[in-house]
2 protein chains.
Amino acid sequence: MPERKRLTLKDLAAEINVHYSTVSRVMNPATRHLVAEDVAARVLALADERGFRPNRIAAGLRTQRSGLVGVVLPDIANPVFPPILAGIEAVLCQQGYVPIVVNAGTDKARQRYVIDQLLGRQVEGLVLATAERDDPVLEYCVAQRIPVVMVNRGEDTGRASCVVSDSLLAMRLTVDHLVGLGHRQIGHIAGPSTLSTGFLRREGFVRAVRRHRLRAGQWQVIEAASYSREAGREACERLLAEFPGMTAIAAGNDLIAMGCYDCLRARGLRCPDDISVIGHNDMPFVDALSPPLTTVRIAVHQMGEEAAKLLLSKLSQPDAKAVTVELTPELIVRGSTAAPPAA
Amino acid sequence: MPERKRLTLKDLAAEINVHYSTVSRVMNPATRHLVAEDVAARVLALADERGFRPNRIAAGLRTQRSGLVGVVLPDIANPVFPPILAGIEAVLCQQGYVPIVVNAGTDKARQRYVIDQLLGRQVEGLVLATAERDDPVLEYCVAQRIPVVMVNRGEDTGRASCVVSDSLLAMRLTVDHLVGLGHRQIGHIAGPSTLSTGFLRREGFVRAVRRHRLRAGQWQVIEAASYSREAGREACERLLAEFPGMTAIAAGNDLIAMGCYDCLRARGLRCPDDISVIGHNDMPFVDALSPPLTTVRIAVHQMGEEAAKLLLSKLSQPDAKAVTVELTPELIVRGSTAAPPAA
DNA sequence: CTGAAAGCGCTTACAG
DNA sequence: CTGAAAGCGCTTACAG
């Protein structure tokens, strides 16, 4: 089984007695018009017959454009990211780019290491899903002058574009729904305040609750150690202890809401009969939980698409200033929220 | 804001008056010993200070090794794939490779197109999670002499290595569990028979049921149109109609099992009181369904790791013959299976 | 319209 | 131990 060498421009050119630069012009649609039609046709026919694929790495070296974009995720196994990734990939591919996806965890030093790898591979830009509110890694990217956009989580300083879901609105929808059902004792389990989502949802919760003129003893906020089911469960325990009159919980995300389910079940409390729970994200299959989770749906796929578009436009206009794209979330009412128990 | 040019070997070399080939030798750990220690130290210090990262694209062009591996997925949003991907990435990165992940859908023409893109980018090998039992795309890859390994789904012809979970064993565990609980009227909703998993799980089911000496009227198999919740629901309807005495369903995977939940609920049948349901895969959060799903856990992360290892060894020994790595699944008993209702 | 040449940033025989 | 040179497969001014 002879290891068949890959074809090159020269190979093709030799077969039909043209210079390889002519073949190059033909293979690139943008320069094809520079060569005579009949020659172009012959080249194309041969390329097709031989299954010739120009070496994009070589082209990239020459043109200084790799066509590669790095996507840095904290954890691909988190169900929010796959649809975001699909959105990113869809628009990138359309423009001839391809994403290199890396799981970089939450450790900033490791993230930076991973980004260095990516830069060594000449990625033209980066999509960061790992941003914290004040992120040294973003700082680093900016210093390197590598085009960056943040997705899902934003950053405070406006140093780079980002696309996020509107957290303030989301929490307004959440609290309106709960208050509308009659709740007057509402708890919020916030995500980590180092993350924009954790911070802003908390902020949104507080504003919404004040808007409804709830007073000090009528609402309470507690922070979960992370966006995870386990941390949600643990935070729910604390919240229950600190705020015994509570009839509804606005969870920082669906994972935290699942932790609330776990906690309530363990304590023999029924949802929504004793306590209503509302999540955030509408991740896959939360409609199949028991009870089906009321939550706020964020436009994950679109979020990925927008992030990719933002990056693409940053690549073509490096000096345009940073923008924030805020997507509108939607309340999805299911079975985990109901009127509070009659007092 | 001047667009700072990326540093090259020559830039560094010029600064400390050595030839750039010397810098090259120092930057590569494998050739570092060829240069004098003090020179190496100076180079390294400067590289570090300047944040120099050698251009891997240029190196790849020269060495004919891109360090890129293509991973072809039917759908990243399917929860089985993210952990597999994480496993692949973990071992690849360790060896200095990086995966390019593409969502190629299920259409074979599109898959082939996407693979052509990947080949144009000089990927050194491919991991295919899209394989069908007789797959023209695999055929194509083999003809192109590009190293390939299949993951999750295998292929019949043994033309390439694959890593899968042991479906026959899985179904034995499934049926043993159900029979052990007292079931004697067992249905199986198979996945598409064009996929190795669909085919083999069905085969495993039939063998297991015969092993227990169940006779013709005591078991039944039906095929779902796809591995999806909706197809599961639809197939469950049909199965219920064709096999009214049924007390347990072995679903082709967890999504199909969720479709069974939907169907049973719609018909007012209780699980597990009226009918037991058992899934396959143990995808995230099925323990939070109601009832918590009894299922067969497959070693997804490890599956990805093994696939990457197989590919890596194929890359270093292209002539070694194809192997199949079969991972051992594990029965996870939860709340969706119980003794059949007293007759 | 086509060819010849330079050069992208590396690696690696080959001299010395 | 170090330098000079060739070459990986392209693109693209520059001639003609």
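Lettering of chains follows the sequences in order, A, B, ..., and the numbering in each one begins at 1.
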- Can B/Arg133 and B/Glu155 be counted as an ion pair, charged N to O under 4.0 angstrom? no
- Query: Under 4.0 Å between a side-chain N/O of B/Gln122 and OP1 or OP2 of D/dC8, yes or no?
  - Reply: no
- Gap between atoms CG and P, on B/Asn55 and C/dG7 respectively (whole Å): 18 Å
- Task: Send over the distance from A/His19 NE2 to C/dA6 P, rounded to a whole Å.
- Result: 12 Å
- Indicate whether OP1 or OP2 belonging to D/dC10 is found under 4.0 Å from a side-chain N or O atom of A/Ser24. no
- Determine the contact category for B/Arg56: base if any of its heavy atoms lies under 4.0 Å from a base atom, sugar-phosphate if only primed atoms, P, OP1 or OP2 are that close, otherwise nothing. nothing
- Starting at CD1 of B/Ile57 and ending at P of D/dG9, how long is that distance when rounded to a whole Å? 15 Å
- Query: Starting at the 5' end of DNA chain D and moving along, which residue's nearest nucleotide shows up first, B/His33 or A/Arg53?
  - Reply: B/His33
- Message: Rounded to whole Å, how long is the line connecting atom CZ of A/Arg62 with atom C1' of D/dT11?
- Response: 4 Å
- Separation of atom CD in A/Gln64 from atom P in C/dA6, rounded to whole Å: 19 Å
- Query: Any idea which of D/dG3, C/dT2, D/dT11 is nearest the A/Thr63 side chain?
  - Reply: D/dT11
- Could you tell me whether A/Lys108 and A/Asp135 have a side-chain N and a carboxylate O separated by less than 4.0 Å? yes
- Query: Is A/Glu132 salt-bridged to A/Arg153, going by a charged N under 4.0 Å from an acidic O?
  - Reply: no
- Spacing between B/Leu9 atom CG and C/dT11 atom P, to the nearest angstrom: 6 Å
- So do the side chains of A/Val26 and A/Leu44 get within less than 4.5 Å of each other, counting heavy atoms only? yes
- Query: What is the distance, rounded to the nearest whole Å, between atom CZ of B/Arg65 and atom P of C/dC10?
  - Reply: 17 Å
- Query: Closest nucleotide of DNA chain C for A/Val35 versus for A/Tyr20: which of these residues is on the 5' side?
  - Reply: A/Val35
- Proximal nucleotide (of C/dC1, D/dG9, D/dT11) relative to the A/Ala36 side chain: C/dC1
- Task: Can you check whether any acceptor in the base of D/dG3 is under 3.5 Å from a donor in the side chain of B/Arg25, or vice versa?
- Result: yes
- Task: Ignoring backbone atoms, establish whether B/Ser21 has a side-chain N or O less than 4.0 Å from OP1 or OP2 of C/dC10.
- Result: no
- Watson-Crick or G-U wobble partner for C/dA13, using a 3.5 Å limit on both distances? none
- Should C/dA4 form a Watson-Crick or G-U wobble pair with both distances under 3.5 Å, which nucleotide is its partner? none
